[in-house]
Amino acid sequence: MKHAVTYELIKMDKETGARRGRLHTPHGAVETPVFMPVGTAGTVKAVKPESLKEIGAQILLSNTYHLYLRPGHELIREAGGLHRFMNWDRAILTDSGGFQVFSLGDLRKITEEGVRFRSHIDGSGHMLTPERSVEIQQALGSDIMMAFDECAPYPADRHYVRQSLERTTRWLHRCKAAHENPEAQSLFGIMQGGMYRDLRAESAKAIVDLDLPGYAIGGLSVGEPKELMLEVLDGCVALLPTDKPRYLMGVGTPDYLFEGVERGVDMFDCVLPTRIARNGTAMTSGGKVVIRNARYQRDFSPLDPHCDCYTCKNYSRAYLRHLFKANEILSAMLLSEHNLHFLTKMMENIRKAIEEDRFSQYKRDFYNAYGPF
RNA sequence: UCCAAGGUAGCUCAAUGGUGGAGCACUCGGCUGUUAACCGAUAGGUUGUGGGUUCGAGCCCCACCCUUGGAG
């Protein structure tokens, strides 16, 4: 059987676990390692698809739970699928709603069958099951569907995490069984196991046994200290096959991206660049810039002097601060575009550095310029 | 000139005669498979002025100043 999405390993870094690869999808190739901007509700908030293309985004993430509630997956099927509906002809990965099991804590109840949600929009009741999640993602027509999982909270006791990951594994089998056309869309499995090394190993073995076209590491970056996260991540990557893409879910600060790549992760996604943009913060080559701060009131220099994005080419820090303070929508647009450009460009540089066997050097240079994260 | 209603944080306003608060603004912090153009924290006061009553006054009394509306 031919999978919709395949992974081509192009080059391994000589010193670290970093690797340069390529994902082949029904909507074009994706050069890895890659950062995927998040477009939860069928839009990367405040950024036009045209701008995303200019920035160089290769693949977007969208969300099953949110699109199911509004406007409804049947409507999107009727529109010709999510790609057409949102005018994005490059690749799309859809999350399964599994993260909402975690983030909508008070609004859901987990059972073996699935998860009962109360809509955060109108309070109505809904049942999301592995079968239902796959059905919705098939209607959306994403290139990569994620398995319906439970992202366990941190901290969580061993007993809970074990129960949770075993249920997630059973759910993965049901997702695979419900998956109708693996040649049109690929299903990625998600490893869980919290911060417990042996449970991670159990989870990894269970999902790798299904021989899926890609594997994700879930349940990290949920509030645990960075050292712990990296230690767990070390173990996780080692458990995954080298001939399949590895996706670290929910990671998006520059340091975590470098650390992930260094350990052999190929894909990342995160709301952080767009969210902090809307809240008045930018990532720049010189570090984090909280543009809302009074110190930038009369700073007429560009946000990042080393950046060639639309925002940095045309506007000053003083103007960006003014827009934010004045609650102007353009503030969210310009800062979001910049932050996505920044991370996308950073990943581009990382890929190039791996090709030229100077990943570690690039990482050092980047850290030196960026300062504390 | 008279009548009325008012003067409390930068702004708009709360506060039985009993420890003067809120929202917004300001300043700062946080945000990691989006419940998030969000959340949190700090700061900010001779309660228009001067007297009086009272154990105690933003609140009651007197005078004055100022604002708004009305009448002339």
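Per chain, numbering begins at 1; letters A, B, ... match sequence-line order.
Judged by distance alone, with hydrogens and angles left aside, the side-chain atoms of A/Trp88 form a donor-acceptor pair with the main-chain N or O of A/Ala91 at under 3.5 Å. Judged by distance alone, the side chain of A/Arg108 and the main-chain N or O of A/Gln100 form no donor-acceptor pair under 3.5 Å.
Ring geometry for A/His126 versus A/Tyr68: interplanar angle over 60°, hence perpendicular rather than tilted (30 to 60°).
For A/Lys45 and B/rA36, the NZ to P distance is 6 Å, given to the nearest whole Å. Between the P atom of B/rG33 and the CH2 atom of A/Trp171 lies a distance of 20 Å, rounded to the nearest Å. In this structure, the OH atom of A/Tyr256 is 15 Å from the C1' atom of B/rG33, given to the nearest Å. Atom-to-atom, CD1 of A/Ile276 to C1' of B/rG29 comes out at 13 Å; the value is rounded to the nearest Å. If you take OH of A/Tyr247 and P of B/rU32, they are 15 Å apart, rounded to a whole angstrom. For the pair A/Met229 CE and B/rG33 P, the computed distance is 11 Å after rounding to whole Å. As a whole-Å value, the separation of A/Phe373 CZ from B/rU32 P is 17 Å.
A/Ser119 comes within 4.0 angstrom of nothing in the nucleic acid, heavy atoms only. When heavy atoms are screened at a 4.0 angstrom cut-off, A/Ser331 is found touching no nucleic acid atom at all. If you check every strand for non-hydrogen atoms under 4.0 Å, A/Asp95 touches a base. Within the nucleic acid shown, A/Lys226 has no heavy atom closer than 4.0 Å to any nucleic acid atom. Across all strands shown, A/Glu224 has no heavy atoms under 4.0 Å from either base or sugar-phosphate atoms. Looking at heavy-atom distances under 4.0 Å, A/Ile190 makes contact with a base. Among the protein residues, A/Gly223 comes within range of no part of the nucleic acid, since none of its heavy atoms lies under 4.0 Å from any strand.
Checked by atom type, the side-chain pair A/Thr94/A/Gln137 shows a donor-acceptor distance below 3.5 Å.
For the strand RNA chain B, secondary-structure stems (runs of at least three Watson-Crick or G-U pairs, all distances below 3.5 Å) span B:1-7 with B:65-71, B:10-13 with B:21-24, B:27-30 with B:38-41, B:48-52 with B:60-64.
Of all nucleotides listed (B/rU32, B/rG33, B/rG30), B/rG33 comes nearest to the side chain of A/Asp269. For A/Ser221, taking side-chain heavy atoms from C-beta onward, the closest of the listed nucleotides B/rC31, B/rU32, B/rG33 is B/rU32. Between B/rG33, B/rU34, B/rG30, one nucleotide has an atom nearer to the side chain of A/Cys151 than all others, and that is B/rG33. For A/Cys270, the side-chain atoms get nearest to B/rG33 when compared with the rest of B/rA37, B/rC31, B/rG33.
Taking atom P in both B/rU16 and B/rG58, one finds a spacing of 13 Å when rounded to whole Å. The gap from the C1' atom of B/rU68 to that of B/rG48 amounts to 15 Å, rounded to the nearest Å. Between the C1' atoms of B/rA4 and B/rU47, the separation comes to 23 Å (whole Å). To the nearest whole angstrom, the two P atoms, one in B/rC38 and one in B/rG45, are 28 Å apart. Nucleotides B/rC62 and B/rC2 place their P atoms 16 Å apart, quoted to the nearest Å. Atom name C1', nucleotides B/rC59 and B/rG52: the rounded distance is 15 Å, in whole Å. Using atom P as the reference point in both B/rC13 and B/rG51, the two lie 30 Å apart (nearest Å). To the nearest whole angstrom, the two P atoms, one in B/rG40 and one in B/rC31, are 15 Å apart.
Contact of the A/Thr129 side chain with the A/Trp171 side chain is not registered, since no non-hydrogen atoms from C-beta on lie closer than 4.5 Å.
An OP1 or OP2 oxygen of B/rC28 is reached within less than 4.0 angstrom by a side-chain nitrogen or oxygen of A/Asn293. At B/rU34, one or more side-chain N or O atoms of A/Thr40 fall inside 4.0 Å of OP1 or OP2 (strictly under the cut-off). In this structure, A/Arg275 reaches the B/rU32 phosphate: one of its side-chain N or O atoms is under 4.0 Å from OP1 or OP2.
Because its NZ or CZ atom is both nearer than 6.0 Å to the ring centre of A/Tyr367 and within 45° of the ring axis, A/Lys363 counts as a cation-pi partner of that residue. Cation-pi geometry between A/Arg158 and A/Tyr196 is satisfied (NZ or CZ under 6.0 Å from the ring centre, within 45° of the ring normal).
A/Lys352 has no carboxylate O lying under 4.0 Å from a charged side-chain N of A/Glu355, or vice versa, which leaves the two without a salt bridge. Classification of A/Arg19 and A/Asp266 as a salt-bridged pair holds, one side-chain N sitting under 4.0 Å from a carboxylate O. Under a 4.0 Å N-O distance rule, the pair A/Arg295/A/Asp299 does not qualify as a salt bridge. A salt bridge links A/Arg132 with A/Glu135; the closest basic N to acidic carboxylate O contact falls under 4.0 Å. Contact check on A/Glu112 versus A/Arg167 returns no salt bridge, with no Lys/Arg side-chain nitrogen under 4.0 Å from an Asp/Glu carboxylate oxygen. Under the 4.0 Å criterion applied to side-chain N and carboxylate O atoms, A/Lys226 and A/Asp255 are assigned as salt-bridge partners. Checked for salt-bridge contact, A/Arg200 and A/Asp234 miss the test: no charged N lies under 4.0 Å from a carboxylate O.
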Using a 3.5 Å cut-off and no angle test, enumerate the donor-acceptor pairs between side-chain atoms of residues 25-47 of chain A and protein atoms at least two apart in sequence or in another chain.
residue	atom	partner	partner atom	Å
A/Thr25	OG1	A/His27	N	2.9
A/Thr25	OG1	A/Gly28	N	3.3
A/Thr25	OG1	A/Gly28	O	2.7
A/His27	ND1	A/His83	NE2	3.3
A/His27	ND1	A/Asp143	OD1	2.7
A/His27	ND1	A/Asp143	OD2	3.3
A/Glu31	OE1	A/Arg20	NH1	3.1
A/Glu31	OE1	A/Arg20	NH2	2.7
A/Glu31	OE1	A/Arg22	NE	3.1
A/Glu31	OE1	A/Arg22	NH2	3.4
A/Glu31	OE2	A/Arg22	NE	2.8
A/Thr32	OG1	A/Gly21	N	3.2
A/Thr32	OG1	A/Gly21	O	3.2

- Task: Let me see the working for A/Thr16 and A/Asp13 under side-chain hydrogen bond (donor to acceptor under 3.5 Å, both in side chains), right down to the final yes or no.
- Result: CA-CA 6 Å; A/Thr16 72; A/Asp13 183 48; 2.6 Å; yes
- I would like to know whether A/Tyr247 and A/Asp269 meet side-chain hydrogen bond (donor to acceptor under 3.5 Å, both in side chains); could you show each step before the answer? CA-CA 8 Å; A/Tyr247 165 25; A/Asp269 79 280; 2.7 Å; yes
I'd like a table of atom pairs between the protein and nucleotides 22-26 of chain B - only N or O on both sides, under 3.5 Å - with the distance next to each one.
none

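With ring centers used as reference points, A/His120 lies under 6.0 Å from A/Tyr65. Between A/His3 and A/His24, the gap from one ring centroid to the other reaches at least 6.0 Å.
RNA chain B is contacted by A/Asn63, A/His66 of residues 63-72 of chain A, taking any non-hydrogen atom closer than 4.0 Å. RNA chain B lies under 4.0 Å from no heavy atom of any residue of residues 202-210 of chain A. Within a heavy-atom distance below 4.0 Å of RNA chain B, the residues of residues 98-114 of chain A found are A/Phe99, A/Gln100, A/Ser103, A/Leu104, A/Leu107.
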